[in-house]
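When a residue number appears, it is its place in the shown sequence, counting from 1. Only a predicted model underlies this, so the values are computations on that prediction, with no experimental measurement involved.
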Amino acid sequence: MTSVESRVVSGAVEGTLDEAVLRRLAADLGFHVGAVYGRAGKPHLKARIEGYNQAARFWPWVVLVDLDKDECPPSLRAEWLPDPAEHMYLRVAVREIESWLLADRAGIAAFLGTSKDRIPRDVDALDDPKQTLIDLARSSRRRAVREDMAPRPGSGAAEGPAYTSRMSEFVAKGGRGHWQPSSAAEASPSLARCIRALTELREAAPRLIRDV
């Protein structure tokens, strides 16, 4: 068996926060994500998915995409990848990656400085999880959280100036007040499905995951 550090897969995501989530999930499950492509939004990812799929004929790829307003994960996968390659792991966050972060209610409440009772329970049913997260940050007891994550009045921005870096900090670190994927999976079926798929990928090593 190879070491944890030597088990590497390729990835593609919509943005920086999605990359942080993918790397954290992989690390918790005992493998490493090497090069990550995309990071330029959903249309960019969709336009390049076939190329990633071709590469996944020979090598494991994990692609994370938000469901957004699409009907359901199976229909998105059928549209994007009617003929998925053997080693392609396309996972869909319902409805956004922020759903998976909100699903760890205790962790996100501690990180934001708000009451756990204010965190929604059925996160996969939220129409706009990112907006929910920003609204929670706006009412935080911590000034730095409010200023970093919520847009300034009159700015016209959809999010605060340090929204992504704050959320990436929440994802990347362990311990109290930071994201615990195992706890979050109990409240988010789409995250639970993703973890199961990545567990299958881990268990395929070392047959699929090269020694570098």
Side-chain angles (χ1 to χ4, degrees), residues 1-68 70 72-101 103-104 124 167-168 171-174 179-185 188-212:
M1 176 66 71
T2 59
S3 67
V4 169
E5 291 77 12
S6 69
R7 300 204 295 265
V8 184
V9 303
S10 297
V13 297
E14 290 189 41
T16 302
L17 179 56
D18 310 73
E19 179 181 358
V21 168
L22 176 56
R23 291 190 183 280
R24 173 63 192 278
L25 291 174
D28 280 9
L29 290 169
F31 61 93
H32 176 69
V33 179
V36 174
Y37 301 86
R39 295 190 299 245
K42 191 172 182 177
H44 178 274
L45 196 62
K46 184 177 181 181
R48 288 157 178 77
I49 190 68
E50 187 52 42
Y52 304 148
N53 195 49
Q54 289 298 318
R57 295 168 55 200
F58 311 102
W59 182 254
W61 275 74
V62 180
V63 178
L64 288 185
V65 61
D66 289 346
L67 181 62
D68 293 321
D70 288 300
C72 62
S75 64
L76 184 149
R77 283 193 290 267
E79 178 187 353
W80 281 42
L81 281 179
D83 186 22
E86 180 182 1
H87 307 314
M88 169 57 74
Y89 293 77
L90 174 62
R91 306 313 310 169
V92 182
V94 180
R95 290 199 169 263
E96 295 171 332
I97 207 76
E98 281 82 359
S99 302
W100 294 359
L101 308 188
D104 178 7
D124 281 13
M167 285 294 89
S168 296
V171 168
K173 294 182 179 180
W179 193 46
Q180 303 299 322
S182 58
S183 297
S188 171
S190 68
L191 174 57
R193 290 192 294 269
C194 178
I195 291 175
R196 285 196 296 270
L198 296 185
T199 300
E200 292 174 4
L201 172 55
R202 179 197 64 192
E203 292 174 352
R207 183 176 64 87
L208 295 181
I209 304 180
R210 67 174 175 171
D211 192 3
V212 296

Exercise. Do NZ/NE/NH1/NH2 and the carboxylate oxygens of D124 and R193 come within less than 4.0 Å?
Worked result: no

Inter-residue atom distance [X].[atom1] - [Y].[atom2], 0.5 Å rounding:
X    : Y    : atom1 : atom2 : value
L17  : L22  : CG    : CG    : 11.5 Å
I49  : R77  : CD1   : CZ    : 12.0 Å
F31  : L198 : CZ    : CG    : 4.5 Å
R196 : L29  : CZ    : CG    : 12.5 Å
E86  : F58  : CD    : CZ    : 11.0 Å
H87  : W61  : NE2   : CH2   : 13.5 Å

Smallest separation among heavy atoms of [X] and [Y], with atom names:
X    : Y    : result
A12  : L45  : CB-CD1, 3.7 Å
Y89  : A197 : CE2-O, 3.5 Å
W100 : L64  : CH2-CD2, 4.1 Å
A103 : A184 : CB-O, 3.2 Å

Does any non-hydrogen side-chain atom of [Y] lie less than 4.5 Å from one of [X]?
X    : Y    : value
E98  : M167 : no
P189 : V94  : no
V62  : C194 : no
D68  : L76  : no

For this session: Carefully, step by step, assess I97 and V13 under the rule side chain to side chain contact (heavy atoms under 4.5 Å, CB included).
Result: CA-CA 11 Å; I97 207 76; V13 297; over 6 Å; no

For this session: Go through V92 and W80 one step at a time and tell me if the side chain to side chain contact (heavy atoms under 4.5 Å, CB included) criterion holds.
Result: CA-CA 11 Å; V92 182; W80 281 42; over 6 Å; no

Exercise. Distance-only, no hydrogens or angles: does the S99 side chain make a donor-acceptor pair with backbone N or O of R95 under 3.5 Å?
Worked result: yes

For this session: Say whether, by atom type as modelled, one donor and one acceptor occur between the side chain of N53 and the main chain of A85 under 3.5 angstrom.
Result: yes

Problem set entry | Partner of E14 under side-chain contact (heavy atoms from CB on, under 4.5 Å), chosen from K42, H44, K46, E96 | K42

Exercise. How are the rings of Y52 and Y37 set relative to one another: parallel (under 30°), tilted (30 to 60°) or perpendicular (over 60°)?
Worked result: tilted

Seminar exercise, completed: Residue pairs passing the side chain to side chain donor-acceptor pair (under 3.5 Å) test with at least one member in residues 16-25, sequence neighbours excluded, are E19-R23, E19-R39, R24-D28

